[in-house]
Amino acid sequence: MLESINQWFLSLGAEYGVNPYIFGGIYIGAVPFFLLSIAWLVRRAKAGRSTVLPTLCAGFCFVSAYIYLAIAGRNIPLWVWIFLAALIVYGAWSSIRDTRRKIAEAKAEDADEAGN
């Protein structure tokens, strides 16, 4: 059973020119770097410094697996690109919302500490 699932999984990669294990490795491997970039972004925003570089790093980590897909992939159906675009837009919106919340909480916490 597991062998047949593995064969099917690898056949998808062969059909589209992408190694699913590399794609998955990039996808999972980018998560810690994404989280570190968000923490860096929050610290810089809280300090009133530029957040351009941490935002770019977080964005790159967020889309790195899809960059691999765009570079290595071939014959990727249009519906896949539409689905990925929807995922990226939703994920970006969600990340921005959560990051803004974290920045606001951090600033409020600093204000409370300064007031005491």
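Since the structure is predicted, the reported quantities are computational estimates derived from the model, not experimental observations.
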Can you tell me how far CD1 of Ile88 sits from CZ of Phe83, rounded to the nearest 0.5 angstrom?
11.0 Å
Val63, Val89: one ILVMFWY side-chain cluster at the under-4.5 Å cut-off?
no
For residues Leu69 and Leu84, determine if any side-chain heavy atom of one lies less than 4.5 Å from a side-chain heavy atom of the other.
yes
To the nearest 0.5 Å, what is the distance between CG on Asp98 and CD1 on Ile38?
9.0 Å
Heavy-atom nearest pair, Val18 first then Ala72, reads CG2-C, 4.2 Å
In terms of heavy-atom contacts, Ala106 and Lys46 come closest through CB-CD, 3.3 Å
Inspect the surroundings of CZ in Arg100 and state if more than 12 heavy atoms from other residues, nucleotides or ligands are less than 6.0 Å away.
no
Between OH of Tyr90 and OG of Ser95, what distance do you get to the nearest 0.5 Å?
9.5 Å
Which atom names give the shortest non-hydrogen contact between Thr51 and Leu41, and what distance separates them?
CG2-O, 3.8 Å
Within the side chain of Arg44, is there an N or O that forms a donor-acceptor pair under 3.5 Å with the backbone of Ser50?
yes
Distance check, rounded to the nearest 0.5 Å: Tyr66 atom OH versus Trp81 atom CH2?
10.5 Å
If I take atom CG from residue Leu87 and atom CD1 from residue Ile82, how far apart are they, to the nearest 0.5 angstrom?
12.5 Å
Same apolar cluster: Val31 and Ile67, side chain cutoff 4.5 Å
yes
How close do Ala65 and Phe23 get, counting heavy atoms only, and between which atoms?
O-CE1, 3.3 Å
Mind checking whether Ile71 and Tyr68 sit in one hydrophobic cluster, side chains of I, L, V, M, F, W, Y counted as touching below 4.5 Å?
yes
Can you check side-chain contact (heavy atoms from CB on, under 4.5 Å) on Phe33 and Cys57, steps first, answer last?
CA-CA 8 Å; Phe33 297 105; Cys57 289; over 6 Å; no
Let me confirm one number: the OG-CZ distance from Ser37 to Phe60, rounded to the nearest 0.5 Å.
10.5 Å
Same apolar cluster: Ile22 and Tyr16, side chain cutoff 4.5 Å:
yes
Over all atoms of both residues, closest heavy-atom pair of Ala92 and Phe62
N-CZ, 3.8 Å
Can you confirm whether more than 12 heavy atoms, excluding those of Tyr27, are under 6.0 Å from its OH atom?
no
Do Phe34 and Ser64 have side chains that approach each other closer than 4.5 Å (heavy atoms only, starting at C-beta)?
no
